[in-house]
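First the structure, in the form of structure tokens, and then the observations on it.
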Amino acid sequence: MIFIMGLFSSSSTIPQGITAIQNFDSTKYLGQWYEIARMDFRFERNFKNVTATYSLGNDGAIKVENKGFDYKEKKWKKAIGRAVFVGLKTVAMLKVSFFRPFYAGYNVIAIDDDYTYALVIGKSPKYLWILSRDTTISEDIKQHYLRIAENAGCNISLLVWTEHSKNE
């Protein structure tokens, strides 16, 4: 059992045929990102005002703080995790854990030169996020990232567009 857990915890996958960003600069990626859209899954269901904040941890890993407002329960929820590179630190293929020793794939497959917008895919096309340094993105960027996501095998009709409001 420990061996199987060890295999699971050390593996991180990216969907077949998809490539993570090369020449990735993790220091430029640090800071706060707003979730623009996501494939819905149980840990974020009923969330709005979702942010992800990345910082360098004391152990060299990237500290991940995900936060969102659960509009059904009317309260903020937060999860703290850590992300580590699967291989080279210049390749945006990481594994992230909120429940150690279990890790999941976190792969940046599109990012602009200024690190203002990012498209992230998990271990399969069922996990996808569009991120921005602001609460909105232009229609051009949105359409560009949707094309990339669709080419990656994602069913973009299932995307949940995250609401950001100043009330919460």
Side-chain angles (χ1 to χ4, degrees), residues 12-41 43-57 61-69 76-96 98 104-166 168:
S12 179
T13 58
I14 187 167
Q16 187 173 6
I18 306 302
T19 304
I21 293 296
Q22 310 291 303
N23 300 316
F24 183 70
D25 184 345
S26 61
T27 58
K28 287 173 71 174
Y29 197 77
L30 300 178
Q32 186 176 55
W33 291 86
Y34 294 91
E35 179 186 88
I36 300 300
R38 69 175 178 272
M39 292 293 197
D40 207 17
F41 67 105
F43 294 114
E44 284 190 76
R45 191 149 296 130
N46 304 318
F47 277 22
K48 65 180 184 176
N49 296 328
V50 178
T51 60
T53 304
Y54 304 98
S55 59
L56 194 56
I62 296 173
K63 179 182 174 188
V64 181
E65 181 179 315
N66 288 346
K67 187 172 135 182
F69 186 78
W76 286 96
K77 293 187 177 179
K78 179 168 61 170
I80 306 287
R82 69 189 298 266
V84 294
F85 285 90
V86 173
L88 297 173
K89 291 187 178 189
T90 56
V91 178
M93 186 173 174
L94 297 96
K95 58 183 183 177
V96 65
F98 292 94
Y106 183 99
N107 308 287
V108 182
I109 61 170
I111 197 159
D112 67 306
D113 291 340
D114 296 327
Y115 284 61
T116 304
Y117 311 104
L119 182 63
V120 178
I121 196 166
K123 66 179 181 175
S124 83
K126 293 179 183 178
Y127 303 97
L128 182 80
W129 296 266
I130 298 175
L131 305 175
S132 173
R133 297 293 188 171
D134 197 359
T135 57
T136 62
I137 60 172
S138 72
E139 189 62 27
D140 289 346
I141 297 291
K142 175 182 172 182
Q143 292 306 317
H144 176 65
Y145 279 20
L146 289 176
R147 279 191 300 277
I148 294 170
E150 207 165 32
N151 289 336
C154 298
N155 182 349
I156 61 172
S157 69
L158 299 177
L159 281 170
V160 173
W161 296 92
T162 308
E163 178 188 339
H164 290 278
S165 63
K166 297 180 194 249
E168 280 78 35

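Quick caveat: nothing in here was measured; it's all calculated off a predicted structure.
Within the model, atoms NZ of Lys142 and CZ of Arg147 stand 12.5 Å from one another, a figure rounded to the nearest 0.5 Å. Atom-to-atom distance recorded for Phe24:CZ and Leu94:CG is 6.5 Å, nearest 0.5 angstrom. Rounding to the nearest 0.5 Å places CZ of Phe43 at 11.0 Å from NZ of Lys77. One finds the OG1 atom of Thr136 at 10.5 Å from the OH atom of Tyr34 (value rounded to the nearest 0.5 Å). With rounding to the nearest 0.5 Å, the separation of CG in Asn107 from NZ in Lys123 is 12.0 Å. Interatomic distance, CD1 of Ile111 versus CD1 of Ile21, reported as 7.0 Å (0.5 Å rounding).
Distance alone, capped at 3.5 Å, is enough to place a donor-acceptor pair between the Tyr115 side chain and the Asp25 backbone. Using a distance-only test at 3.5 Å, with no hydrogens or angles considered, no donor-acceptor pair links the side chain of Tyr127 to the main chain of Ala104. A donor-acceptor pair under 3.5 Å is formed between the side chain of Arg133 and the backbone N or O of Gln32.
Between Phe98 and Val64 the shortest side-chain heavy-atom distance falls below 4.5 Å. For the pair Ile130/Ile137, a side-chain contact is recorded, criterion being any heavy-atom separation below 4.5 Å from C-beta on. Proximity of Thr90 to Gln22: side-chain heavy atoms (C-beta onward) are nowhere separated by under 4.5 Å. The closest side-chain heavy-atom distance from Trp33 to Trp129 is not below 4.5 Å. By the 4.5 Å heavy-atom criterion applied to side chains, Ile62 and Phe85 are counted as neighbours.
Considering every non-hydrogen atom in both Ile121 and Cys154, the closest pair reads CD1-SG, 3.8 Å. Residues Met39 and Leu158 share a closest heavy-atom pair of SD-CB, 3.9 Å. Summarising the geometry of Ser165 relative to Asn49, their closest heavy-atom pair is N-OD1, 2.6 Å, with the distance given to 0.1 Å. What you find for Glu44 and Val50 is that their closest heavy atoms are OE1-CG1, 3.4 Å. The shortest heavy-atom contact between Ile109 and Ala20 is CG2-CA, 4.5 Å. Nearest approach of Ile36 to Leu131, heavy atoms of both residues: CG1-C, 4.3 Å.
In this structure, Arg38 pairs ionically with Asp40, as a charged nitrogen and a carboxylate oxygen lie closer than 4.0 Å.
The one candidate from Ile156, Asn151, Ile141, Leu119 that meets the side-chain contact (heavy atoms from CB on, under 4.5 Å) condition with Leu146 is Ile156. Of the candidates Asn66, Thr51, Thr162, Glu35 forms a side-chain hydrogen bond (donor to acceptor under 3.5 Å, both in side chains) with just one, namely Thr162.
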Please report the C-alpha distance between Asp134 and Ser132 in whole Å, then the side-chain angles of each, then the deciding distance to 0.1 Å, and finally whether the side chain to side chain donor-acceptor pair (under 3.5 Å) criterion is met.
CA-CA 5 Å; Asp134 197 359; Ser132 173; over 6 Å; no
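Within 6.0 Å of NZ on Lys28 lie more than 12 heavy atoms contributed by other residues, nucleotides or ligands.
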